[in-house]
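These notes are about the structure you will find just below.
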Amino acid sequence: MAEELVKIDSITKIYDTDAVLRDLSLTVHEGEVLVIIGPSGCGKSTLLRCINGLEPIQGGSITFRGVKIDGSSRNVSAIRQKIGMVFQSYELFPHRTIIQNITMAPVLVQKRDRSEAEREALELLRRVGLEEKKDAYPRQLSGGQKQRVAIVRALAMHPEVMLFDEVTAALDPEMVREVLDVILSLARQGSTMVIVTHEMSFARAVADRVIFIDQGAIVEEGTPEEIFEHPRKERTRKFLETFTFDRVKK
Ligand code: ADP
Ligand code: MG
C-alpha cells in the first residue's frame with residue numbers, strides 16, 4: 001500500500017451548535033485520486049477546508065505525513081504549501097497578469113528565484129494550452145481559462161496533494177470539459193488529489209475511490225464501479241438518481 005499522505009481520524013466540526021462533520025475518518029494515500037460526492041450542504045467544502053487547515057476542528061485529528069494539521073498552530077503555513085486548493089471561484093488577482101498571478105506565491109512565500117519561477121510558470125501554462133495568455137489580465141480570459149490558470153497557480157507551489165472544490169460548477173459545458181481534461185491529465189501523471197464534484201461521468205473516469213457523504217458523515221465508499229453501479233445503501237441510490245431522468249411518456 002502506498003504511503004498515507006493525509007489521515008483524517010474521526011473528526012468533528014461544529015459551527016455554532018451544528019455538527020457539520022461527525023466522527024469522519026478518511027485516509028488519502030500517495031498517488032490516489034479520491035472523489036467526494038454528496039448533496040449540497042453535506043459538508044464537502046468544510047471537509048476540504050479542514051484538510052487545508054483553514055478551519056479549526058472540535059474533535060479528532062488530521063495529519064499530513066504524520067504531522068498534525070491544526071488551524072491554530074505555527075506549522076499551518078508550511079503544510080498549506082504542500083496542499084494545493086482550487087475553488088469554484090478562481091480568486092485570481094485582477095490587477096496582476098496571468099504570469100504574475102502564478103509566480104507571486106512561489107517568489108514571495110517560497111523565496112524561489114524569480115526567473116526560475118517564471119520559466120516553470122510558462123511550462124505549466126503551455127501544458128494547459130495557455131502560454132500565449134501569460135501577459136493578459138484575468139478579465140481578458142474566459143471562465144474555463146481562468147480556472148486552468150487557478151490550477152496552474154496551485155501547481156506552481158509544488159503541492160503534494162491537490163484539493164478541488166467543485167471547480168467546474170460555475171462554467172459553461174464546453175469550459176467544464178477543458179478544465180476536467182487538465183485534472184484528468186494530472187491523474188494520469190500520478191498526482192494525489194481529492195476532488196469534490198457533481199460531474200458523475202468525470203468522477204467515474206478519474207476516481208480510484210469514491211466517497212459518498214451525507215449530513216457530515218460517510219455513508220458509503222468504494223470503487224467507481226461499486227458506488228455508481230452497485231451502491232449498497234438506499235441513501236446513495238437516491239442521491240445518484242437525482243442525476244438521471246426518465247423519458248417523458250405521453
Ligand atoms: P457542501 O460543500 O457539501 O455543500 P458545506 O461544507 O459548504 O457543504 O456546508 C456544510 C454545512 O455547514 C451547511 O449546513 C452549511 O450551511 C454549514 N456552514 C458552512 N460554512 C459555515 C460557516 N462559516 N458558518 C456556519 N455554518 C456553515
Ligand atoms: Mg461546497
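Whatever order the structure lists ligands and atoms in, that order sets their numbers, starting from 1.
- Side chains of Ile151 and Leu155 form a contact here, defined as non-hydrogen atoms less than 4.5 Å apart.
- The distance criterion of under 3.5 Å between nitrogen or oxygen atoms is met by Lys44 with respect to ligand 1.
- Not close to ligand 1: Gly38, with no non-hydrogen atom less than 4.0 angstrom away.
- With Arg204 contributing its side chain and Pro224 its backbone, the two residues share no donor-acceptor pair below 3.5 Å.
- Residues Glu116 and Arg119 are not paired through a salt bridge, judged by the lack of any N-O separation under 4.0 Å between the basic side chain and the carboxylate.
- More than 12 heavy atoms of other residues, nucleotides or ligands shown are found within 6.0 angstrom of CD on Gln100.
- For Val20, no nitrogen or oxygen atom sits less than 3.5 Å from a nitrogen or oxygen atom of ligand 1, counting backbone and side chain alike.
- Atom CZ of Arg177 has 12 or fewer neighbouring heavy atoms from other residues, nucleotides or ligands inside a 6.0 Å radius.
- With a cut-off of 2.8 Å, the Mg ion (ligand 2) has an N, O or S atom of Ser45 in range.
- Remark: ligand 1 and Thr46 share an N or O pair separated by less than 3.5 Å (distance only, no angle test).
- Distances below 4.0 Å separate heavy atoms of Ser40 from the following atoms of ligand 1: 4 (O).
- Heavy-atom proximity to Ser45, at under 4.0 Å, picks out these atoms of ligand 1: 1 (P), 2 (O), 6 (O), 7 (O).
- Distances from atom 4 (O) of ligand 1 to the heavy atoms of Gly41, Ala19, Gly216, Gly43 show the closest one on Gly41.
- Classification of Glu55 and Arg49 as a salt-bridged pair holds, one side-chain N sitting under 4.0 Å from a carboxylate O.
- Within the 4.0 angstrom cut-off, atom 15 (C) of ligand 1 has no protein heavy-atom neighbours.
- At least one protein heavy atom sits closer than 4.0 Å to atom 7 (O) of ligand 1.
- Taking 4.5 Å as the limit, every side-chain heavy atom of Thr192 sits out of range of all side-chain heavy atoms of Glu160.
- Of the candidates His29, Arg65, Glu32, Leu5 forms a side chain to side chain contact (heavy atoms under 4.5 Å, CB included) with just one, namely Arg65.
- The protein heavy atom nearest to atom 19 (C) of ligand 1 is Tyr15 CE1, 3.4 Å.
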